[in-house]
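First up is the structure itself, then whatever we jot down about it.
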Amino acid sequence: MKLGPEFFHRDCLEVAPELVGKILVRRLPEGGEIRLRITETECYRGEEDTACHARFGRTKRAGVLYRESGTLYVYLCYGIHWLLNIVTGEVDVPQAVLIRACEGFPGPGRLTKRLGIDGSFNGLSINSCPCLWVEDDGQRFRIIPDRRVGIDYASEEDRNRLWRFKAADRL
DNA sequence: TTAGTGATATCC
DNA sequence: GATATCACTAAA
């Protein structure tokens, strides 16, 4: 069944590990549906998190992170890859969960490429978008926490946080 | 290991 | 206006 707004309206530290194992569903404009199980997420949490895009405050790009939970935050990385995040928690508290990987698509850039997700999705809500949502099929997985990747610029404290969550064996 | 790619934040 | 930086990937 489809995850409702209440699922995302919590702290990203709760949402990120729970999102692992859920099914990301994309309805394509040309017809057809892609269903992929989420295998890896990361949490970016607040202006205090020196790895988070909101570390400079409410900039033009990071402004989306301050919006209501369920808002999609899609931005271009390294000039090539679109990365998909879902905003979580309260309005005006900037935090989000990055969908890092799904089954068969190990990497946030490859994932969005497969799903046909680009900057035009930025600011849409996963709660109202007819072409993208998340479902729970009841399947549960053991979760392995790990350090986040690609954030060398962050403080040592933040680099060491175990805010990446990977699916391991089926429970 | 390295190039490729372009938006963003920050400095003038 | 300029430039350094970047939540990555594919090819070698």
Side-chain angles (χ1 to χ4, degrees), chain A residues 7-8 10-22 24 26 28 34 36-126 129 132 134 141 143-168:
Chain A
F7 182 89
F8 301 100
R10 296 179 293 158
D11 194 281
C12 60
L13 287 173
E14 290 184 50
V15 178
E18 284 190 36
L19 215 43
V20 174
K22 299 291 188 290
L24 186 61
R26 165 84 166 116
L28 295 168
I34 303 176
L36 298 174
R37 191 179 302 278
I38 298 171
T39 56
E40 192 173 339
T41 62
E42 261 174 25
C43 185
Y44 289 88
R45 189 166 183 270
E47 294 177 355
E48 320 74 49
D49 176 7
T50 58
C52 182
H53 283 172
R55 64 189 180 283
F56 303 124
R58 209 169 191 134
T59 61
K60 190 177 178 195
R61 176 172 70 164
V64 174
L65 292 170
Y66 293 76
R67 291 171 56 180
E68 74 176 346
S69 59
T71 302
L72 300 177
Y73 173 46
V74 183
Y75 74 95
L76 189 62
C77 183
Y78 298 109
I80 304 176
H81 311 287
W82 294 104
L83 269 63
L84 172 64
N85 301 248
I86 304 174
V87 175
T88 59
E90 300 296 326
V91 169
D92 289 333
V93 178
Q95 50 168 247
V97 174
L98 166 67
I99 311 291
R100 270 197 82 76
C102 283
E103 239 161 22
F105 296 90
R110 292 180 57 179
L111 180 63
T112 52
K113 186 177 178 190
R114 174 68 186 94
L115 294 177
I117 288 175
D118 60 21
S120 66
F121 283 72
N122 193 35
L124 299 181
S125 173
I126 196 149
C129 183
L132 187 69
V134 183
F141 293 79
I143 306 294
I144 299 180
D146 202 351
R147 298 205 277 188
R148 295 176 288 178
V149 300
I151 54 164
D152 290 347
Y153 56 88
S155 71
E156 187 181 355
E157 190 183 8
D158 286 328
R159 285 199 311 272
N160 288 331
R161 294 186 195 283
L162 301 177
W163 284 0
R164 179 155 62 117
F165 305 95
K166 291 193 284 189

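Everything quoted here is computed from the prediction, not taken from an experiment. Numbered from 1 within each chain, the chains take letters A, B, ... in sequence-line order.
- In this structure, A/Arg10 pairs ionically with A/Glu18, as a charged nitrogen and a carboxylate oxygen lie closer than 4.0 Å.
- A cation-pi arrangement is present between A/Arg148 and A/Tyr44, with the terminal nitrogen or guanidinium carbon under 6.0 Å from the aromatic centre and inside a 45° cone about the axis.
- One finds no salt bridge joining A/Arg45 and A/Asp158 here, because no Lys/Arg side-chain nitrogen approaches an Asp/Glu carboxylate oxygen to under 4.0 Å.
- A/Arg110 contributes no side-chain N or O that, together with a main-chain N or O of A/Gly107, makes up a donor-acceptor pair within less than 3.5 Å.
- Shown here are the side chain to side chain donor-acceptor pair (under 3.5 Å) partners of A/Asn122, two or more places apart in sequence or in another chain: there are none.
- Listed by first and then second residue, the side-chain hydrogen bond (donor to acceptor under 3.5 Å, both in side chains) pairs involving residues 59-68 of chain A are A/Glu47-A/Tyr66 (not counting sequence neighbours).
- Near-neighbour residues of DNA chain B inside residues 85-121 of chain A, defined by a heavy atom below 4.0 Å, are absent.
- Taking a 4.0 Å limit (strictly below) on heavy-atom distances, residues 57-71 of chain A reaches DNA chain B at A/Thr59, A/Arg61.
- Contacts between residues 47-55 of chain A and DNA chain C, counted as heavy-atom distances below 4.0 Å, involve A/Ala51, A/His53.
- For the ring-ring contact (aromatic ring centres under 6.0 Å, His included) test, no residue two or more places apart in sequence or in another chain qualifies with A/Phe121.
- Helical stems of DNA chain C (runs of at least 3 Watson-Crick or G-U pairs, donor-acceptor distances under 3.5 Å) are listed by first residue: B:1-4 with C:8-11, B:6-11 with C:1-6.
- For the pair A/Ile34 and A/Leu115, the minimum side-chain heavy-atom distance is below 4.5 Å.
- Looking at residues two or more places apart in sequence or on another chain, you find a side chain to side chain donor-acceptor pair (under 3.5 Å) between A/Arg164 and A/Glu40, A/Asp146.
- Nearest heavy atom pair, residue A/Ile38 against residue A/Cys102, reads CA-SG, 3.8 Å.
- In this model, no donor atom of one side chain and acceptor atom of the other lie less than 3.5 Å apart for A/Ser125 and A/Thr71.
- Residue pairs meeting the side-chain hydrogen bond (donor to acceptor under 3.5 Å, both in side chains) criterion with at least one partner in residues 80-90 of chain A, sequence neighbours excluded, are A/His9-A/Glu90, A/Thr88-A/Gln95.
- Each of A/Thr41, A/Ile86, A/Leu84, A/Leu83 was compared with A/Leu98 under the side-chain contact (heavy atoms from CB on, under 4.5 Å) criterion, and only A/Leu83 meets it.
- Every residue two or more places apart in sequence or in another chain that forms a ring-ring contact (aromatic ring centres under 6.0 Å, His included) with A/Tyr73 is listed here: A/His53, A/Tyr75.
- The distance between atom OH of A/Tyr75 and atom P of C/dC6, rounded to the nearest whole Å, is 12 Å.
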Quick test: give all pairs of protein nitrogen or oxygen and nucleotides 1-6 of chain B nitrogen or oxygen below 3.5 Å, distance rounded to 0.1 Å.
from	atom 1	to	atom 2	distance (Å)
B/dT5	O2	A/Tyr78	O	2.7
B/dG6	N2	A/Gly79	N	3.4
B/dG6	N3	A/Gly79	N	3.4

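- For A/Arg147, the side chain to side chain donor-acceptor pair (under 3.5 Å) criterion is met by A/Asn160, not counting sequence neighbours.
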